[in-house]
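Residue numbers run from 1 in the order of the sequence given.
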Amino acid sequence: MSTKVQNVGILAMELYFPSQYVDQVDLEKFDEVGTGKYTIGLGQSKMGFCSDREDINSICMTALHRLIEKNNINLHDIGRLEVGTETIIDKSKSVKTFLMTLFAKEGATDIEGIDSTNACYGGTAALFNSINWVESSSWDGRKAIVVAGDIAVYGKGPARPTGGAGAVAMLIGPDAPLVFDCGVRASYMTHAYDFYKPDLASEFPYVDGKLSIKCYLSALDNCYNLFCKKMRKDNPDFKGLLSLDGMLFHSPYCKLVQKSLGRVCFNDFLNASPADREKQFPGLSQFNNHKREETYFDRDVEKAFMIYSEKLFNEKTKPSLHVAKNVGNMYTPSLYGGLVSYLVSKSPDQLIGKKFALFSYGSGLASTMYSISICKDMSAGSKLERLINSLNNTIAMLDKRQCVDPQVFSDLMDVRTKNYHTAPYEPSGSIDVLFPGTYYLVRIDEQRRRTYERKL
Ligand code: ACO
């Protein structure tokens, strides 16, 4: 392919979340914590979870198959399939190879790509690989699919209400309605033990909660400032948040996202000239000499900039939190659940020509801020309308889920934990409760080979 392709980005999307959830108000009572701790303190409403009937292969397959069906994708038109996940059930065999069962039965096996892993960042890495492939000399004219999925579970304790589960599948190619801006991706990667999974016999991570928040916010500072610098190369008038129509974040829990938007404003404040500070940030001069690295847990800075940013948050970020608030942290798909929420909150007319930034964070740590522009082109407009209509149908399924008592949720978590390494194994979780079209685990045999079926 010699001609450079234009407008590479997301052509279609599909989101999968489990059919069962636990209400965070009920969970507060069950865990005997103060009323409001999970709902107000963390900003969460509901938490999706899977029984032992679902695993990483099945949830990724459910999202992928739905994307293919809804968009009538010809499997031979796909030249790359990438997976991002941190839910590891096999130290060698990738989830991507399991997803190939769908393609291989149609004889479509010439498909590059494999899994990417680093906490919640793997989906973004997989996405960048696919975008890069379409823009590269290796591209053969076909499209790519990216699947990001995770089952986010924590042991009993303060981290448990920040769990969740889900998968997203995205069709990538040229002439897309959601275009990835070139040359402005800003990354920050370093070493930290904030959240990691060194115990391969357990599904649960080791988490240093406070350190993870500090790492997240410092990664945000670094990515945001570098992103602004790169944006200003082509557009010297770029004014950070004020020049963007939306700002979307990886969402471990919604309160951290609201604090993050305040943090972005604090960065804009520190970067402003003295004259601009007076004009744009009246009444905040007591923070003139504060330093980024000393303020991650400074209550005064946090409160002042959350108040300052409230209107901006409601306008540019809150619309992206619907899935995060109602499903929880899905890990790798979290940011893309944010993108889905943001898109369905507007009509195509309201979105055309808009630009928004996305912040992807994975503990350990890997992070990037990048931006997406909504294409103004007419044909992209109709693709955007199709994309939003299809996502509206998906989002409506949030209200069709079954609410489960926290005791039932806790018992199902115990079953998962107890049997995490059992083989042979026959799952006991209900098949009836699953949404039609959901893949589920039928058995694990003596050789730990897994068999699945799809609910009709
Ligand atoms: N009413 C209202 N708010 C309350 C109440 C109440 N009754 N009780 C507590 N709160 C508030 C607290 O003041 C606190 O708010 P703040 O953050 O503004 O200070 C908030 O609820 C949480 O309470 P804490 O006591 O600080 O939290 P705790 O120690 O129980 O744990 C944490 C919270 C660290 C987020 C934990 O859930 C965790 O470890 N989660 C997993 C790690 C995580 O998600 N990290 C984020 C980035 S990394 C990633 O994406 C995995």
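Residues Ser309 and Gly262 share a closest heavy-atom pair of OG-CA, 3.5 Å. Of all non-hydrogen atoms in Gly183 and Lys230, the two that sit nearest each other are O-CD, 3.8 Å. Closest heavy-atom contact between Phe17 and Arg401: CD1-CD, 3.9 Å.
Taking 4.5 Å as the limit, some side-chain heavy atom of Lys70 sits within range of a side-chain heavy atom of Asn393. With contacts defined as side-chain heavy-atom distances shorter than 4.5 Å, the pair Leu244/Phe356 does not qualify. Residues Tyr188 and Met369 fail the side-chain proximity criterion, which asks for heavy atoms closer than 4.5 Å. Side-chain atoms of Thr317 and Leu248, non-hydrogen and from C-beta on, never get closer than 4.5 Å to each other. Inter-residue side-chain proximity for Leu241 and Lys316 is flagged as met; some heavy-atom pair is nearer than 4.5 Å. Between Tyr193 and Asp208 there is no side-chain heavy-atom pair separated by less than 4.5 Å. Contact check for Cys215 versus Tyr361: side-chain heavy atoms found under the 4.5 Å cut-off. In this structure, Ser58 and Leu441 have side chains that are not in contact, with every pair of non-hydrogen atoms separated by 4.5 Å or more.
Under the 4.0 Å criterion applied to side-chain N and carboxylate O atoms, Asp298 and Lys303 are not assigned as salt-bridge partners. The existence of a salt bridge linking Glu82 and Lys96 is excluded, since no basic side-chain nitrogen approaches an acidic carboxylate oxygen closer than 4.0 Å. The pair Lys291-Glu294 fails the salt-bridge criterion, with no side-chain N (NZ, NE, NH1 or NH2) lying under 4.0 Å from an Asp/Glu carboxylate O.
With rounding to the nearest 0.5 angstrom, the CG atom of Leu11 is 9.0 Å from the CG atom of Asn71. Put simply, NZ on Lys210 and CD1 on Ile213 are 5.0 Å apart, with the number rounded to the nearest 0.5 Å. Note that CG of Leu200 and NZ of Lys91 are 5.5 Å apart. Values are rounded to the nearest 0.5 Å. Distance check: Ser45 OG to His322 NE2 gives 9.5 Å after rounding to the nearest 0.5 Å. Separating the OG1 atom in Thr124 from the NE2 atom in His250 is a distance of 9.5 Å, to the nearest 0.5 Å. Of the inter-residue distances, the one linking Tyr452 atom OH with Glu54 atom CD reads 11.0 Å to the nearest 0.5 angstrom.
Around atom CD of Glu69, more than 12 heavy atoms belonging to other residues, nucleotides or ligands sit under 6.0 Å away. Annotation: Asn235, atom CG; neighbour count of heavy atoms from other residues, nucleotides and ligands within 6.0 Å is above 12. Counting non-hydrogen atoms of other residues, nucleotides and ligands closer than 6.0 Å to NZ of Lys214 gives a total of 12 or fewer.
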Audit row: Tyr121, Thr368, side chain to side chain donor-acceptor pair (under 3.5 Å) steps and yes/no: CA-CA 9 Å; Tyr121 187 83; Thr368 300; 2.5 Å; yes
Ser212/Asp194 under side chain to side chain donor-acceptor pair (under 3.5 Å): CA gap, chis, key distance, verdict: CA-CA 5 Å; Ser212 74; Asp194 60 331; 5.2 Å; no
Evaluation steps, side chain to side chain donor-acceptor pair (under 3.5 Å), between Asn57 and Arg450: CA-CA 9 Å; Asn57 285 346; Arg450 292 172 184 240; over 6 Å; no
Chi angles and distances behind the side-chain contact (heavy atoms from CB on, under 4.5 Å) call for Met61, Leu99: CA-CA 6 Å; Met61 186 64 115; Leu99 300 182; 3.9 Å; yes
Derivation and outcome, side chain to side chain donor-acceptor pair (under 3.5 Å), residues Asn326 and Tyr21: CA-CA 9 Å; Asn326 287 291; Tyr21 71 88; over 6 Å; no
Verdict with reasoning, Met13 to Leu387, per side-chain contact (heavy atoms from CB on, under 4.5 Å): CA-CA 7 Å; Met13 279 181 101; Leu387 172 72; 3.9 Å; yes
Step-by-step ring-ring contact (aromatic ring centres under 6.0 Å, His included) determination, Phe195 to Tyr331: CA-CA 12 Å; Phe195 165 115; Tyr331 290 166; 5.5 Å; yes
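Judged by the 6.0 Å distance and 45° axis criteria, Arg185 is positioned over the aromatic ring of Phe128. For Arg454 and Tyr440, the positive end is not near the middle of the six-membered ring at less than 6.0 Å and at most 45° from its axis.
Between the Gln44 side chain and the Ala324 main chain, a donor and an acceptor come within less than 3.5 Å of each other. Side-chain atoms of Thr332 come within 3.5 Å of backbone atoms of Gly149 as a donor-acceptor pair (strictly under, hydrogens ignored). Under a 3.5 Å cut-off, the side chain of Ser430 and the backbone N or O of Val433 do form a donor-acceptor pair. The closest donor-acceptor contact from the side chain of Arg66 to the backbone of Glu14 lies at 3.5 Å or more, if one exists at all. At least one donor-acceptor pair closer than 3.5 Å links the side chain of Thr85 to the backbone N or O of Thr87. Not a single donor-acceptor pair under 3.5 Å links the side chain of Ser360 to the backbone N or O of Ser367. A donor-acceptor pair is defined here as one N or O able to donate and one able to accept, closer than 3.5 Å; no such pair exists between the side chain of Ser116 and the backbone of Ala125. Distance alone, capped at 3.5 Å, places no donor-acceptor pair between the Asp52 side chain and the Arg416 backbone. A donor-acceptor pair under 3.5 Å is absent between the side-chain atoms of Lys376 and the main chain of Gly353, judged by distance alone. A side-chain donor-acceptor contact under 3.5 Å links Ser334 to the backbone of Ser251.
Considering only residues two or more places apart in sequence or on other chains, Arg292 meets the side-chain contact (heavy atoms from CB on, under 4.5 Å) condition with Asp221, Asn225, Arg263, Asn267, Leu270, Asn271.
Sorted by first and then second residue, the side chain to side chain donor-acceptor pair (under 3.5 Å) pairs involving residues 340-349 (not counting sequence neighbours) are Ser347-Gln350.
In this pair, Phe266 and Phe269 present their aromatic rings parallel. The plane angle is below 30°, not in the 30 to 60° band.
Between the side chains of Ser19 and Gln402, no donor-acceptor pair is found at a separation under 3.5 Å. Residues His290 and Thr295 bring no donor and acceptor atom of their side chains to less than 3.5 Å of each other. Defined by atom type and a distance below 3.5 Å, a donor-acceptor pair is missing between the side-chain atoms of Lys355 and Ser371. In the model, Asn329 has no side-chain atom that pairs as donor or acceptor with a side-chain atom of Thr162 under 3.5 Å. Between the side chains of Gln407 and Asp411, at least one donor N or O lies within less than 3.5 Å of an accepting N or O.
Paired with Phe359 under the rule ring pair (Phe, Tyr, Trp, His ring centres under 6.0 Å), one option of Tyr216, Tyr224, Phe227 passes, and it is Tyr216. Just one residue in the list Gln24, Glu28, Lys46, Lys325 forms a side chain to side chain donor-acceptor pair (under 3.5 Å) with Thr39, and that residue is Glu28.
Ring centers of Tyr370 and Phe180: under 6.0 Å apart, within the cut-off. Taking the six-membered ring for Trp and the full ring otherwise, the centers of Phe409 and Phe49 sit less than 6.0 Å from each other. For Tyr206 and Tyr196, the distance between ring centers is under 6.0 angstrom.
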